[in-house]
Amino acid sequence: MASISKSYESHDVERRWSADWRAADCFAGRVNPAKTPYTIMIPPPNVTGVLTMGHVLNNTLQDILIRRARLEGREAMWLPGTDHAGIATQTVVERELRKQKINRRDLGREKFLEKVWEWRDEKGGIILQQLQALGASCDWDRTQFTMDPRYSKAVLSVFVDLFQKGQIYRGKRMVNWCPASLTALSDEEVIMKPAKGLLYEVRYERVDAPGQFITVKTTRPETIPGDVAIAVHPEDPRYASWIGKLVRRPLGPSAEIPIIADAAIDREFGSGALKVTPAHDKVDFEIGQRHQLPALDVLTAAGVLNELAGSELAGMERFAGRKKAAELLKESGALVKEEPYDNNVGYSERADVPIEPRLTWQWWLKYPQVEAAKAVVRDGVIRFHPERWAKVYLHWLENIQDWCISRQLWWGHRIPVWYRKGLDKEALTAADLADPQKVHVSLAGPTDPSDWVQEDDVLDTWASSWLWPFATLGWPDQEAMAKAGHAYFYPTNTLVTGPDIIFFWVARMIMAGLEYTPADAPIEQRVPFRDVYFTGIIRDAQGRKMSKSLGNSPDPLDLIAKYGADGLRFGIVSIAPQGQDIRFQEDRIEGGKNFCNKLWNACRFRQMSGAMADNSSLAAVVARLDGPKFDADDHAILDRLLATTRAVDQALANFEFSNAVQALYGFFWNDFCDWYVEVSKAKLLEAATKDSCLAIQDLVLRQTLALLHPFMPFITEELWRLLGYGAEGTFLMRDVRIEDSSALMTEFANHGVQLDFAAATEVSQLKELTSKIRAFKADNGEAAKKDSELVVEASAEQWAVLELNLAKLKRMLGAASISRGELSPNASACVTACGTWNLIRQLNAGDAVAEKARLTKESEALAKHIAGTAARLGNEAFVSKAPPAVLDGARKQLADLKAKHAEVARLLSALG
RNA sequence: GGAUGCUUAGCUCAGUUGGUUAGAGCACCUGCUUCACACGCAGGGGGUCACUGGUUCGAGUCCAGUAGCGUCCA
């Protein structure tokens with residue numbers, strides 16, 4: 001067997017196991033009716049993406065769930081893939097092409113798409129390799145891409161189906177227009193940002209009464225040429241006589257526009273009058289509709305003022321146009337005032353430019369299954385963790401708006417709609433759209449393609465990823481579904497994602513899942529997942545969101561190089577409390593690495609301590625235990641092992657990942673390494689106790705490695721092999737079944753090992769004694785002294801306990817001897833209370849004075865505490881109302897305190 | 001404006017149905033190259049639990065309000 005090196009070197013270990021696991025096909029999920037499946041679909045990262053800290057957290061958690069499920073004997077399947085990310089990818093490739101002085105429009109649609117595919121084949125999906133470096137145990141052979149031909153077919157067939165069901169329609173409506181990407185966006189893709197702008201007060205002169213003006217306030221004077229009316233509230237007395245009159249538009253081609261009355265007007269804002277510009281504002285558009293007003297669009301798609309804006313503004317970019325418009329209004333005297341104004345401006349999520357409300361033809365989806373989608377979350381068929389996100393989800397569904405699913409892009413699923421040649425797309429009526437002679441909608445396309453023109457638009461990316469949980473399993477193709485094991489792996493179990501895409505993705509997947517499963521199937525079979533775990537957002541140390549532009553996001557690959565994948569995983573999980581945002585601090589990752597090293601060295605110590613015996617199975621290790629010869633430490637460490645096993649089980653069942661990590665860390669470092677391994681050093685010197693002690697170490701290490709494996713897969717697999725727990729060709733990650741605490745106890749019982757759970761009390765007393773004596777030695781500058789002569793005052797019973805543990809204590813206390821003594825009144829000696837025992841120590845005169853002061857202080861503190869407890873017990877209300885257990889606790893506490901107080905008094909008097 | 005989360009040690013955070021003297025990691029101080037580990041060991045200091053009021057025998061924990069920070073929605 002290879003010996004274990006002095007420190008853990010992650011790089012080689014990770015590379016080696018990555019390769020071995022892949023070669024042995026350890027990640028594959030296969031249909032196996034003898035096992036219960038456990039499925040996770042990865043939230044597909046953008047194909048343009050690179051690994052961020054958010055991905056590290058999210059995917060580590062998924063890998064923990066998947067690896068744990070495997071260890072529990074379930075058929076785990078984690079399906080990976082990438083999202084074609086319409087706008088993002090198209091933007092990246094366009095940028096690349098621009099460097100070569102190539103414009104997408106010059107290239108043409110087909111050639112451009114070829115370029116995108118080339119880019120994707122060459123550079124796309126790097127993130128999947130990065131996930132492999134992190135140790136993600138995805139079933140890589142199942143990797144999916146939302147633009148794969150088969151997946152695309154699923155997307156388009158859903159479009160056709162929903163169209164046929166009447167859920168999809170085409171309409172000319174106000175959309176969020178991105179003037180940079182030249183496409184419509186859904187409401188969810190618009191980010192509201194506070195902006196500092198100017199509010200312009202502009203006056204419009206009455207046509208029939210020159211010299212009389214009505215003023216309005218606007219942030220967008222450049223759209224004045226698009227004004228078609230001024231609106232006031234019908235009950236506003238200030239304007240009662242104005243309604244129906246005409247005013248002159250103060251900018252752009254000269255025009256006279258009416259003053260109209262509309263109840264939607266806010267009388268409190270500005271002068272109570274609103275300029276109505278239906279082409280450039282959603283509210284104005286609605287007012288325009290109510291009053292049959294035209295919409296004058298003064299902007300081009302790219303956000304440049306057009307000829308309708310008038311010769312002075314035409315050709316100007318919208319923000320320059322705004323400035324110019326203000327100047328022109330000033331010159332003509334129409335600008336009354338200009339003041340700073342804070343408001344919220346919608347930005348395009350992708351292009352990060354202000355969006356423009358714009359009237360365009362788009363495809364819209366009336367969401368299916370809205371009520372059912374509410375019910376499954378409300379009724380707990382799907383459980384959100386933390387639960388509070390359910391409220392956010394339900395609120396969105398309550399106020400749901402139709403989804404604009406068309407995008408004016410090339411990269412994406414081209415909408416399977418064909419228009420009869422020669423038809424004016426912009427002039428189609430609802431009847432036209434329903435007429436198969438004029439509009440053809442199908443997967444296959446028309447049989448006479450030359451007579452038709454296909455829709456240019458593609459679908460919103462989310463209109464493909466909302467099918468992810470089942471389209472990745474071959475749906476709707478029966479043969480592909482059978483091959484992928486759809487019937488076995490669907491529905492999936494857990495979704496791990498960020499709350500930022502609860503609307504984009506989670507809600508839509510639930511609706512799609514419900515829509516595309518048989519309505520008569522049990523509801524548990526129709527939802528796409530049962531549990532949704534929402535991670536927190538990783539922020540930098542200052543609490544800012546990590547972003548490329550701020551450059552405040554560490555590169556996870558650098559962190560892997562520095563701390564190891566396991567260190568990174570362990571560290572990030574340890575700082576990821578349930579559902580709270582996370583402030584990233586690199587020292588926590590360093591802590592993860594240090595823990596790896598600790599684990600490594602504890603195993604190294606085991607290897608150096610004695611020959612390896614049969615570790616090949618739990619039964620084999622347990623058979624080596626010599627139960628009847630266990631001392632208190634043996635009982636206690638196994639007791640703690642069982643408790644830790646239970647704590648981890650429970651934490652994982654509740655998605656409390658950081659609690660699981662904390663339980664393992666505390667157990668292994670403090671209970672095992674700092675205490676049990678230290679007491680082992682004496683036990684290993686005795687032939688009588690050596691073998692059983694080594695067996696206990698083997699047992700603890702075995703169980704700890706299994707419990708830790710989901711969190712730190714590489715180092716645990718390596719140590720598993722090095723310590724002989726698994727034979728060549730077998731893997732901890734694939735071939736091992738983790739035991740829960742009751743299985744461990746059964747195994748112990750089978751081999752005649754009966755744990756004494758009371759031993760923990762004795763051990764905690766020994767720990768207190770040890771710690772007190774060490775503190776005493778440290779106080780006296782004897783911390784490193786190896787040959788202290790210690791005298792302990794103890795009753796016969798107490799001494800009997802100490803005697804059993806003398807060898808261990810001597811070693812840990814640096815004592816040449818520990819003997820029993822009695823305190824006699826003598827100014828040069830005193831005792832220190834060490835839990836149940838007292839340490840007698842010799843003092844010189846000066847130290848005696850200090851000791852007296854110390855004891856006096858302690859006595860006073862005790863007296864104060866006693867008074868408090870006594871007062872509590874003296875309170876009749878407390879005695880009559882508190883539960884018996886609490887009452888007993890208080891009484892016992894008082895008795896203990898009094899005993900301690902008396903003891904301190906005795907020591908004081910002994911000091912003279 | 002509505003919703004929601006947070007405020008506990010110098011920092012980042014735990015603290016499960018209310019119950020002894022509120023915990024961890026890091027940082028800090030002291031000592032130690034002890035035959036697994038200095039990526040370590042031992043010892044130590046450090047907290048009016050944001051504020052105000054209420055409920056209760058008892059509040060970090062429950063309720064109401066206030067302030068500050070954050071997020072989502074409009």
Side-chain angles (χ1 to χ4, degrees), chain A residues 4-8 187-188 191-192 344 386 388-389 391-392 394-396 398-399 499-500 502-503 536-537 539 541 543-545 563-564 567 571 574-588 590-609 650-651 654 656 658-659 661-662 665-666 669-670 673-674 677-678 680-681 770-786 811-814 861-862 864-865 868-869 871-883 885-894 896-897:
Chain A
I4 299 177
S5 59
K6 184 164 171 170
S7 66
Y8 175 59
D187 293 343
E188 287 73 24
I191 312 278
M192 299 308 287
N344 282 317
R388 64 189 152 85
W389 293 113
K391 223 172 174 176
V392 177
L394 290 170
H395 182 257
W396 184 74
E398 293 292 345
N399 299 287
D500 49 332
I502 194 164
F503 312 136
I537 293 165
R539 302 176 171 280
R544 299 174 303 178
K545 222 168 168 171
Y563 304 108
S574 77
I575 53 174
Q578 194 178 32
Q580 293 299 338
D581 284 0
I582 297 142
R583 286 191 189 218
F584 179 75
Q585 286 200 307
E586 194 165 324
D587 59 19
R588 299 300 292 260
E590 191 180 351
K593 182 195 175 179
N594 294 347
F595 186 65
C596 287
N597 199 54
K598 190 72 181 174
L599 182 63
W600 186 259
N601 272 288
C603 292
R604 178 165 182 256
F605 175 75
R606 163 61 192 95
Q607 200 182 46
M608 291 164 72
S609 298
Q650 203 198 334
N654 295 329
E656 293 161 356
S658 60
N659 286 355
V661 156
Q662 209 181 354
Y665 184 96
W669 203 305
N670 304 126
C673 292
D674 290 348
V677 169
E678 291 309 315
S680 291
K681 286 174 180 173
T770 308
S771 150
K772 284 270 168 63
I773 293 179
R774 279 169 173 170
F776 159 70
K777 289 184 67 176
D779 283 349
N780 292 278
E782 297 174 17
K785 196 165 188 266
K786 298 271 169 46
R811 195 186 159 91
M812 286 194 292
L813 294 171
L862 282 166
K864 208 172 157 191
H865 199 178
T869 311
R872 214 149 55 96
L873 281 164
N875 183 344
E876 205 196 316
F878 175 68
V879 176
S880 60
K881 290 184 181 171
V886 173
L887 213 50
D888 286 351
R891 287 192 177 122
K892 187 173 179 306
Q893 185 195 348
L894 185 61
D896 289 352
L897 286 168

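Throughout, protein chains are lettered first and strands after them, A, B, ... in sequence-line order, and every chain is numbered starting at 1.
- Counting any heavy atom pair closer than 4.0 Å across all strands shown, A:E678 reaches a base atom.
- In this structure, A:A890 reaches neither bases nor backbone, as no heavy-atom distance under 4.0 Å exists between it and the strands shown.
- Inter-residue side-chain proximity for A:Y665 and A:K598 is flagged as unmet; no heavy-atom pair is nearer than 4.5 Å.
- For B:G19, the paired nucleotide is B:C57, the pair qualifying as Watson-Crick or G-U wobble because both relevant distances are below 3.5 Å.
- Straight-line distance between the P atoms of B:G1 and B:C62: roughly 27 Å, to the nearest whole Å.
- One P atom belongs to B:A38, the other to B:U33, and the distance between them is 14 Å to the nearest Å.
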Atom pairs under 3.5 Å: protein N/O with N/O of nucleotides 57-61 of chain B:
| residue | atom | partner | partner atom | Å |
| --- | --- | --- | --- | --- |
| B:C57 | OP1 | A:K881 | NZ | 2.1 |
| B:C57 | O2' | A:N875 | ND2 | 3.3 |

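- Taking atom P in both B:C41 and B:A67, the straight-line distance is 48 Å, to the nearest Å.
- Nucleotides B:G43 and B:C26 place their P atoms 15 Å apart, quoted to the nearest Å.
- Listed candidates were B:C73, B:A36, B:U4. Nearest to the side chain of A:R388 is B:U4.
- B:A64: Watson-Crick or G-U partner is B:U52, with both key distances under 3.5 Å.
- Taking 4.5 Å as the limit, every side-chain heavy atom of A:Y8 sits out of range of all side-chain heavy atoms of A:N601.
- In this structure the side chain of A:V392 never reaches within 4.5 angstrom of the side chain of A:P499, judged on heavy atoms.
- Side-chain atoms of A:V886 lie closest to B:G19 of the nucleotides B:G19, B:C73, B:C41.
- Summarising the base pairing, B:U33 is matched to no nucleotide, lacking a Watson-Crick or G-U wobble pair whose two defining distances lie under 3.5 Å.
- Contacts of A:R891 with the nucleic acid, taken as non-hydrogen atoms under 4.0 Å apart, are absent.
- Across B:G70, B:A36, B:C41, the shortest atom-to-atom separation from the side chain of A:F605 is found for B:A36.
- Across all strands shown, A:D674 has heavy atoms under 4.0 Å from sugar-phosphate atoms exclusively, and none from any base.
- Under 4.0 angstrom from either OP1 or OP2 of B:C37 there lies no side-chain N or O belonging to A:K598.
- For the pair A:K391 and B:U4, the criterion of a side-chain N or O lying under 4.0 Å from OP1 or OP2 is met.
- Of the C1' atoms belonging to B:G15 and B:G25, the separation is 15 Å, rounded to the nearest Å.
- Rounded to whole Å, the distance from CZ on A:F595 to P on B:G40 is 12 Å.
- To the nearest 0.5 Å, the span separating OG on A:S5 from CZ on A:R604 amounts to 7.5 Å.
- A:S880 comes within contact range of no nucleotide atom at all, as no heavy-atom separation falls under 4.0 Å.
- If A:K6 and A:N659 are placed on RNA chain B by their nearest nucleotide, the residue sitting closer to the 5' end is A:N659.
- Set against B:A36, B:C72, B:A24, the side chain of A:V392 has B:C72 as its closest nucleotide.
- Figure legend. B:C26 is base-paired to B:G10; pairs are counted as Watson-Crick or G-U wobble with both atom distances under 3.5 Å.
- Here the separation of B:C72 from B:U12, taken at their C1' atoms, is 25 Å to the nearest Å.
- Of the nucleotides present, B:C73 is the one that pairs with B:G1 by Watson-Crick or G-U wobble criteria, both distances under 3.5 Å.
- If you check every strand for non-hydrogen atoms under 4.0 Å, A:C596 touches nothing.
- Within 4.0 Å of A:K892, counting heavy atoms only, lies no atom of the nucleic acid at all.
- Distance CG (A:L894) to P (B:U20): 16 Å, rounded to an integer number of Å.
- For the OP1/OP2 pair of B:C41 and a distance below 4.0 Å, the side-chain nitrogens and oxygens of A:W669 include at least one atom meeting the criterion.
- Computed from coordinates, the A:R539 CZ to B:C11 C1' distance equals 18 Å when rounded to whole Å.
- No more than 12 heavy atoms of other residues, nucleotides or ligands lie within 6.0 Å of CD in A:E876, so this atom counts as exposed by the packing criterion.
- Residue contacts shown for A:R606 are absent, as no nucleic acid heavy atom lies under 4.0 Å away.
- Between atom CH2 of residue A:W396 and atom CD1 of residue A:I502 there is a gap of 10.0 Å, rounded to the nearest 0.5 Å.
- Contacts of A:Q585 with the nucleic acid, taken as non-hydrogen atoms under 4.0 Å apart, involve only primed sugar atoms and P, OP1 or OP2.
- Side-chain atoms of A:N597 never come within 3.5 Å of backbone atoms of A:K593 as a donor-acceptor pair (strictly under, hydrogens ignored).
- Remark: the backbone N or O of A:I4 is not paired with any side-chain donor or acceptor of A:W600 at under 3.5 angstrom.
- Across the C1' atoms, B:C13 and B:U17 are found 23 Å apart, a figure rounded to whole Å.
- Toward the 5′ end of RNA chain B lies the nearest nucleotide of A:V677, the other residue of the pair A:I537 and A:V677 mapping further downstream.
- For A:N594, the side-chain atoms get nearest to B:C39 when compared with the rest of B:C39, B:A36, B:C41.
- Partner assigned to B:G47 is none, using Watson-Crick or G-U wobble distances below 3.5 angstrom.
- Only the P atoms considered, B:G10 is 15 Å distant from B:G45, to the nearest whole Å.
- Of all nucleotides listed (B:A36, B:G70, B:A42), B:A36 comes nearest to the side chain of A:R604.
- Rounded to whole angstrom, the span from the CZ atom of A:R583 across to the C1' atom of B:G5 amounts to 14 Å.
- Distances were taken from every side-chain heavy atom of A:F503 (C-beta onward) to each of B:C37, B:A14, B:C73; the shortest belongs to B:C73.
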